[in-house]
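Sequence positions, counted from 1, serve as the residue numbers for this chain. Just so you know, these numbers use all the heavy atoms, side chains as well, and skip hydrogens, waters and symmetry mates.
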Amino acid sequence: MPKYDTEDIVDIKNRKKRRKNLLKFLIFLLLAAVGTTAYFTRELWYNKLRGIGEQYRTIVNTGRLAEGNFPIDMSGGADYQLTATGKNVEVLSDTYTLYYDVEGNLIKKRQHSYTNSVLCVSGGKTLIYESSGDDLSVEEAENVIYEKEFDNNILFARISPDGSIGVVTTSDNYNCELMIYDKKGTLVYERKCMELVSGLSFLAESKGCVITYLAAENGKLITSVQKLDFSQDGEIWTSPGMNTVGLEVYGYDGGAFVLGMDACGYVDDNGQISSYYSYDGDMKGGYSSNGQSAIIINNDDRRKYIAALFSGGGTEPVIIDLEEPAVDVTVSDGLAYVLTEGHMMAYDFNGDVRSLAHVSDSYTGFVRCGGHVFLKGYNKIDRIDYES
């Protein structure tokens with residue numbers, strides 16, 4: 001066994017103490033370096049980290065009405081249609097198509113001859129057609145791209161982001177006829193339908209679509225979805241009937257969302273119903289984008305007003321209780337925008353409020369364009385700045 005004198009023992013203890021202090025100092029330097037690096041790179045990670053385990057910060061917009069060119073006067077009353085097309089706002093009145101920039105400056109005013117006109121916009125292009133009439137036009141602010149006239153009456157029509165259009169008309173020998181035209185107006189697909197088609201949504205860069213059709217089953221109207229590929233005959237699949245009268249269909253990569261009169265639901269990409277939701281009240285509006293959907297429902301008898309948010313097919317809805325009757329709704333950039341009689345709010349699909357603004361007047365609808373919300377009044381269009 002080694003022997004140490006007193007000086008050796010003291011020297012050993014001092015060396016251990018120095019090593020321990022050196023280790024502490026090195027740990028301190030390491031932590032300081034990590035902290036300094038984290039501070040100077042905080043823009044890269046903080047915004048992602050702060051949303052974990054807590055709600056996003058709610059943005060409170062002023063709701064102050066824009067001045068200058070606003071409000072835009074709509075002397076014809078509430079029958080005009082309002083939508084956003086690219087960086088502009090478009091208005092369809094009983095006699096004119098009008099394009100405005102976000103500052104309310106009139107860019108283009110074009111007269112039309114439709115008596116029962118319908119406005120559709122996608123990808124910066126505009127489709128205007130006469131419901132129960134026989135003609136339509138595809139336009140931009142600068143010019144009319146092309147016009148078409150049909151032998152039968154138009155039931156409805158839709159436009160895709162690349163400018164393709166789908167037109168459903170009446171038929172002498174069938175329930176209806178479906179025609180698809182490319183962005184140049186060339187017929188690329190035609191289908192004689194034994195069922196009454198009630199909705200259409202383009203898929204896969206306009207290479208196919210989903211349609212809904214109505215049928216009777218056990219004395220009730222049901223809605224089925226069909227997936228079509230324009231390069232082949234027949235349908236890829238047909239879904240079982242959903243217990244509602246389908247008003248609109250929204251296709252996406254995972255299948256389709258059906259907005260019905262008294263219920264809504266998802267169909268997956270195998271054509272099977274993956275979820276179904278029945279309304280407790282009157283559906284006042286609904287929209288879907290990239291599989292995310294939002295419905296607003298007013299039950300005036302119970303004074304219960306809700307927004308139902310669906311993050312995708314097969315999911316249970318997130319129910320938002322609203323303090324006032326709901327007016328309009330849309331889905332954009334991963335958020336659901338809800339207009340009530342007193343507020344404008346944006347929700348994420350966890351049900352958290354991301355932004356809001358007080359709305360002081362009575363409106364019947366809205367559109368988003370850039371960092372603004374355009375509010376549709378009875379005889380005017382107002383604008384508020386809206387960060388979300």
Side-chain angles (χ1 to χ4, degrees), residues 76-83 85 90-99 108-203 206 208-215 221 223 226 228 230 233 235 245-251 259 261:
D79 288 338
Y80 69 93
Q81 298 169 56
L82 172 67
T83 189
T85 168
E90 185 176 355
V91 175
L92 182 67
S93 72
D94 57 350
T95 52
Y96 291 99
T97 307
L98 306 104
Y99 292 85
K108 188 74 174 182
K109 181 178 181 179
R110 185 181 297 121
Q111 191 169 13
H112 66 77
S113 59
Y114 303 129
T115 57
N116 190 19
S117 56
V118 179
L119 175 66
C120 298
V121 169
S122 183
K125 292 183 174 60
T126 298
L127 166 66
I128 302 173
Y129 67 93
E130 185 170 4
S131 179
S132 298
D134 59 5
D135 55 350
L136 60 76
S137 64
V138 177
E139 308 178 2
E140 294 176 319
E142 297 79 12
N143 62 290
V144 176
I145 300 173
Y146 66 82
E147 297 177 312
K148 282 197 175 296
E149 187 171 344
F150 297 87
D151 295 332
N152 296 305
N153 292 335
I154 299 172
L155 296 175
F156 71 90
R158 296 292 181 265
I159 187 167
S160 76
D162 73 352
S164 299
I165 64 169
V167 185
V168 177
T169 70
T170 58
S171 174
D172 294 334
N173 301 314
Y174 301 89
N175 260 323
C176 62
E177 297 184 22
L178 167 63
M179 287 156 283
I180 304 295
Y181 298 87
D182 65 16
K183 61 183 178 181
K184 296 180 181 180
T186 302
L187 182 67
V188 296
Y189 180 84
E190 188 173 13
R191 182 181 178 93
K192 312 293 185 182
C193 303
M194 300 301 295
E195 308 87 6
L196 180 61
V197 177
S198 59
L200 180 151
S201 179
F202 283 94
L203 296 171
S206 302
C209 72
V210 287
I211 61 172
T212 51
Y213 66 87
L214 301 177
L221 284 176
T223 300
Q226 286 185 339
L228 307 178
F230 301 148
D233 294 330
E235 59 274 2
V245 175
L247 303 175
E248 194 62 81
V249 62
Y250 301 86
L259 174 65
M261 184 177 296

Take atom CG of Asp151 as the centre, draw a 6.0 Å sphere, and report whether it contains more than 12 heavy atoms from other residues, nucleotides or ligands.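 Atom CG in Asp151 is not packed in, count stays at 12 or less.
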Partners of [X] by side-chain contact (heavy atoms from CB on, under 4.5 Å), sequence neighbours excluded?
X      : answer
Asp233 : none
Ser93  : Thr95, Tyr96, Leu98
Ser132 : none
Ser201 : Val210, Val249

Does any part of the side chain of Ile145, heavy atoms only, come nearer than 4.5 Å to the side chain of Lys183, both counted from C-beta?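 With C-beta onward as the side chain, the pair stays apart.
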Test item: Cys209 and Phe230 side chains (from C-beta on) under 4.5 Å apart, heavy atoms: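 SC-SC contact between Cys209 and Phe230 confirmed.
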If I take atom [atom1] from residue [X] and atom [atom2] from residue [Y], how far apart are they, to the nearest 0.5 angstrom?
X      : Y      : atom1 : atom2 : result
His112 : Ile128 : NE2   : CD1   : 6.5 Å
Thr223 : Met261 : OG1   : CE    : 9.0 Å
Asp135 : Tyr114 : CG    : OH    : 4.5 Å
Asp162 : Ile165 : CG    : CD1   : 11.5 Å
Tyr250 : Leu203 : OH    : CG    : 14.0 Å
Ile211 : Leu228 : CD1   : CG    : 4.5 Å

Any chance you could lay out the side-chain contact (heavy atoms from CB on, under 4.5 Å) test for Glu130 and Thr115, step after step, and finish with the verdict? CA-CA 7 Å; Glu130 185 170 4; Thr115 57; 2.6 Å; yes
Result block: side-chain N/O donor-acceptor pairs under 3.5 angstrom for residues 168-178, not counting sequence neighbours:
from: Thr170; atom 1: OG1; to: Asn153; atom 2: N; distance (Å): 3.2
from: Ser171; atom 1: OG; to: Asn173; atom 2: N; distance (Å): 3.4
from: Ser171; atom 1: OG; to: Tyr174; atom 2: N; distance (Å): 3.2
from: Ser171; atom 1: OG; to: Glu177; atom 2: OE2; distance (Å): 3.0
from: Asn175; atom 1: ND2; to: Met194; atom 2: O; distance (Å): 2.5
from: Glu177; atom 1: OE1; to: Lys192; atom 2: NZ; distance (Å): 3.0

Salt bridge (Lys or Arg N to Asp or Glu O under 4.0 Å) against [X], all qualifying residues, sequence neighbours excluded:
X      : result
Glu139 : Arg110
Glu195 : none
Glu248 : Arg158
Lys125 : Glu140

According to side-chain hydrogen bond (donor to acceptor under 3.5 Å, both in side chains), who are the partners of Thr212, at least two apart in sequence or on a separate chain?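 Listed in chain order: Ser198.
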Under the side-chain hydrogen bond (donor to acceptor under 3.5 Å, both in side chains) rule, collect the residues that match up with Asp134, sequence neighbours excluded.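 By the side-chain hydrogen bond (donor to acceptor under 3.5 Å, both in side chains) rule, Asp134 matches no residue at all.
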Can you see whether Thr97 engages Glu90 through a side-chain donor-acceptor pair at a distance of less than 3.5 angstrom?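 Side chains of Thr97 and Glu90: no pair found under 3.5 Å.
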Would you say Gln226's side chain and Tyr213's backbone share a donor-acceptor pair under 3.5 angstrom?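 No; judged by distance alone, with no hydrogens or angles, the pair does not exist.
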Residues which pass ring pair (Phe, Tyr, Trp, His ring centres under 6.0 Å) with Tyr99, listed by chain and number, not counting sequence neighbours: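 Tyr99 satisfies ring pair (Phe, Tyr, Trp, His ring centres under 6.0 Å) with no other residue.
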